[in-house]
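To keep things clear, I will list the structure first and then write my remarks on it.
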2 protein chains.
Amino acid sequence: MKQDKLDKSRGKSFVSAQQVAERAGVSRSAVSRTFTDGASVAPATRKRVLQAAEELGYTVNHLARGLIREKSNIVSLVVADINTPYQAKMTEALTRRLQAANKVAMIINSSGESTDVEMALRQTLHYRADATIVLSGQPKASLIETCLNNGQHVILINRDDPVPGPVSVIVTNRAAARQAFDMLERAGCRKLAVIASTVGSASLAAREKAFVAAAQSANIDVSVSRLGPTAYASGAEAARQVLSGADRPDGVFCVTDLLACGFLDAARNEFGIKIPDELCVVGFDDIEQAGWSSYELTTFRQPIEQIAEHVVDLIDHHTPVDAIQDPIRFQAEPVWRKSVRPR
Amino acid sequence: MKQDKLDKSRGKSFVSAQQVAERAGVSRSAVSRTFTDGASVAPATRKRVLQAAEELGYTVNHLARGLIREKSNIVSLVVADINTPYQAKMTEALTRRLQAANKVAMIINSSGESTDVEMALRQTLHYRADATIVLSGQPKASLIETCLNNGQHVILINRDDPVPGPVSVIVTNRAAARQAFDMLERAGCRKLAVIASTVGSASLAAREKAFVAAAQSANIDVSVSRLGPTAYASGAEAARQVLSGADRPDGVFCVTDLLACGFLDAARNEFGIKIPDELCVVGFDDIEQAGWSSYELTTFRQPIEQIAEHVVDLIDHHTPVDAIQDPIRFQAEPVWRKSVRPR
DNA sequence: TTGTATGCGTTATCAG
DNA sequence: CTGATAACGCATACAA
């Protein structure tokens with residue numbers, strides 16, 4: 001008996017409620033009740049159980065608990081480029097708030113191939129996640145439906161696909177892009193360029209199109225460059241192409257801050273262009289680097305904390321919806337720094 | 001009967017092996033065997049099961065599987081500043097490789113308070129994670145021991161605490177710091193400064209001390225600044241303090257690239273100092289921004305991919321160790337760019 | 001190869 | 001307030 005307990009405590013294996021019950025001299029149920037919120041258990045019993053648990057190093061097995069409660073408290077985050085400043089920030093906010101709501105984040109790295117997103121969603125199902133938050137990739141509608149059918153909550157962030165079922169949370173891309181045009185137009189820019197990317201999501205495409213539309217309806221010349229992923233190097237490459245031509249643009253809208261940083265660096269260091277005197281640049285996202293003194297980039301801030309808060313709320317209250325939902329929109333606010341001439 | 005199946009398939013709830021078995025006209029075990037590697041099942045049966053599963057949208061419940069196999073395939077990652085370039089990169093590499101090894105990463109955000117790390121480790125136990133990888137924070141030895149006692153693998157990355165039990169993976173901080181000194185000394189620097197941080201981990205402290213020791217044994221003057229967390233702003237602030245004095249240093253070792261970026265920006269943009277002509281700067285980590293053309297920072301690269309590969313290997317092979325293990329060391333290689341004068 | 005029976009660690013239900 | 005018992009979904013030893 002005693003021997004058995006000793007073995008267990010050293011035995012490199014998890015302690016069960018049964019063992020705690022034996023040590024405390026109560027039933028399994030008493031132990032269970034001690035660890036479930038709102039269960040009634042006498043203070044004395046509770047105390048004895050708690051002590052036994054402490055001594056044995058007992059921890060409730062959430063795998064088993066999730067099995068019977070049909071609620072795992074796991075939320076999966078499907079994300080591709082966690083190492084990208086924007087995604088990293090979003091991931092940080094989401095995991096922090098999820099944790100505060102007594103949930104835990106399982107992160108699914110869907111980098112690269114198209115099959116990966118599929119695998120990712122599969123994992124989500126394997127572990128019976130209560131919800132899936134998609135930050136990257138374009139999951140097939142059929143897979144989303146599977147998640148939904150299994151009672152999972154599916155939340156799409158900044159991928160405004162016209163898929164019915166999941167809840168979409170997006171930022172006011174079009175309005176912000178129009179505002180970006182206004183900024184540049186008022187700064188006196190008369191020849192514009194927008195730097196987008198080849199792997200653009202719906203959000204990025206929306207920014208690009210809205211900007212172009214605004215420029216065209218104001219009869220101002222615009223060109224569009226897409227040459228590479230949404231990364232620093234692509235922005236620099238775009239600058240090389242766009243700025244080496246005869247008539248350079250005097251105003252540029254980069255669909256992403258990362259692109260803008262690359263563009264700015266190439267423009268200044270390779271072409272010796274003065275920002276914002278000769279060229280104005282507007283970015284999007286307000287990543288940390290946008291505020292660094294080498295960039296001082298005028299951009300649009302995504303309200304990441306608000307988005308994260310809202311998403312976690314959504315999951316917590318779990319309003320199951322059958323109908324097609326309108327996406328929830330958050331305002332992207334302009335952040336004035338020094339890459340655009342004032343007024 | 002039939003009605004029941006229909007209800008289940010629409011009923012926003014997960015499908016069980018039982019339901020698949022009924023539809024395929026086989027036993028539960030047949031279904032189970034179809035989905036377990038290396039189990040013997042007739043091709044015909046297998047096919048029928050697979051089809052039924054497909055139709056019903058069945059997915060193996062890894063929670064239940066983990067319960068009986070005593071192996072959840074969950075690995076938890078304890079990390080504080082995921083939004084920091086270095087940690088983000090490491091997290092990306094780890095999650096990607098974990099996934100390739102058929103495991104899934106549960107991320108525990110241990111930002112802020114000291115109790116958080118404790119809570120984090122607790123979560124790790126709740127979900128019966130097979131292993132815990134600690135990237136941030138200083139978990140109490142007692143908690144680590146609890147994890148170990150429960151048969152978990154504990155891996156500490158870049159926190160070379162003298163705790164027996166867990167496996168430590170670290171980078172050759174001291175050697176690299178000495179090399180940093182050599183770089184600066186050969187570049188002709190005669191008055192040095194090291195920029196560290198107030199919340200320094202053991203790794204950061206090791207870099208600082210080794211650099212100072214090297215300088216002192218060569219009879220070269222060194223000062224140490226620690227004013228803030230390991231962040232861009234702290235580096236900039238350090239520059240303001242260090243460079244406003246009468247006799248400025250002509251060589252600086254920043255314990256982290258993030259600090260170095262802040263230092264460089266302040267030095268150039270606020271003091272008009274020419275890098276590397278008037279001042280040489282060396283960083284550590286080789287984050288992406290170190291390669292951006294505004295910085296061109298000479299630094300030391302942490303072999304993140306190698307580390308991640310090794311860590312995942314370690315978890316896969318699960319060599320249980322009772323003895324105190326020597327930390328596994330990886331070489332941090334110098335990356336020459338333009339913030340240090342050549343020769 | 002297949003099916004039956006048992007157990008994994010929990011919690012919910014129902015008597016007491 | 002407490003204890004016995006039946007699920008939860010799955011994998012396996014054993015018998016067929």
Side-chain angles (χ1 to χ4, degrees), chain A residues 8 11 13-50 52-53 56-74 125-130 150-151, chain B residues 4 8 11-50 52-53 56-74 125-130 150-151:
Chain A
K8 286 295 180 186
S13 179
F14 284 94
V15 178
S16 74
Q18 169 74 341
Q19 294 168 40
V20 177
E22 280 170 16
R23 184 172 188 109
V26 297
S27 69
R28 279 169 284 245
S29 327
V31 178
S32 178
R33 277 191 281 262
T34 302
F35 289 101
T36 53
D37 280 348
S40 65
V41 53
T45 328
R46 178 188 193 77
K47 193 179 166 189
R48 271 165 52 202
V49 169
L50 248 29
L56 260 38
Y58 169 75
T59 300
V60 178
N61 186 335
H62 278 43
L63 266 44
R65 174 181 276 182
L67 205 54
I68 161 159
R69 289 211 179 144
E70 302 213 12
K71 188 168 188 310
S72 61
N73 276 356
I74 295 176
L125 293 170
H126 280 326
Y127 285 94
R128 299 305 192 247
D130 296 337
N150 286 337
Chain B
D4 187 89
K8 285 294 180 187
K12 307 283 181 189
S13 179
F14 284 93
V15 179
S16 73
Q18 168 74 340
Q19 295 168 38
V20 177
E22 282 170 15
R23 183 173 189 110
V26 296
S27 71
R28 277 169 287 242
S29 346
V31 177
S32 181
R33 276 190 280 260
T34 302
F35 289 100
T36 52
D37 281 347
S40 64
V41 53
T45 329
R46 178 187 192 77
K47 192 179 169 189
R48 271 165 54 202
V49 170
L50 249 27
L56 259 38
Y58 170 74
T59 301
V60 177
N61 186 335
H62 278 42
L63 265 43
R65 174 180 275 183
L67 204 56
I68 150 165
R69 290 215 178 139
E70 301 213 11
K71 190 168 187 310
S72 61
N73 277 352
I74 295 175
L125 293 170
H126 281 327
Y127 285 94
R128 299 305 191 249
D130 296 337
N150 286 336

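Keep in mind the model is a prediction, meaning the values are calculated, not measured. Heavy-atom basis, side chains included; hydrogens, waters and symmetry copies ignored. Chain identifiers are assigned alphabetically (A, B, ...) following the order of the sequence lines, protein sequences preceding nucleic acid strands; residue numbering begins at 1 within each chain.
Taking five base pairs at each end of the helix from C/dT1-D/dA16 to C/dG16-D/dC1, the local helix axes there meet at an angle of 40°, rounded to 10°.
Annotation for A/Gln19 and A/Phe14: closest pair NE2-O, 4.3 Å, computed over non-hydrogen atoms. Pairing each heavy atom of B/Ile74 with each of B/Tyr127, the nearest pair is CD1-O, 4.0 Å. Contact record, A/Asp130 with A/Ser72: OD1-N, 3.1 Å, taken as the closest heavy-atom pair. Considering all non-hydrogen atoms of both residues, A/Thr45 and A/Ala30 come closest at CG2-CB, 4.3 Å. Nearest heavy atom pair, residue A/Val20 against residue A/Val49, reads CG1-O, 3.9 Å.
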| Per-nucleotide protein contact string for nucleotides 8-16 of chain D, where B marks a base within reach and S marks sugar-phosphate only (heavy atoms under 4.0 Å, - for neither) | BBSBBB---

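A/Lys71 pairs by the side-chain hydrogen bond (donor to acceptor under 3.5 Å, both in side chains) definition with A/Asn73, not counting sequence neighbours.
Within the structure, side chain to side chain donor-acceptor pair (under 3.5 Å) pairs that include any residue of residues 26-38 of chain A comprise A/Gln18-A/Arg28 (at least two apart or interchain).
In the 5' to 3' direction, nucleotides of DNA chain C lying under 4.0 Å from heavy atoms of chain B begin and end at C/dT1 to C/dT10.
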Show every donor-acceptor pair shorter than 3.5 Å between a side-chain atom in residues 58-67 of chain B and any protein atom, with sequence neighbours excluded, or say none if there are none.
unit_1	atom_1	unit_2	atom_2	d
B/Asn61	OD1	B/Leu63	N	2.8
B/Asn61	OD1	B/Ala64	N	3.3
B/His62	ND1	B/Val60	O	3.4
B/Arg65	NH2	B/Phe35	O	3.0

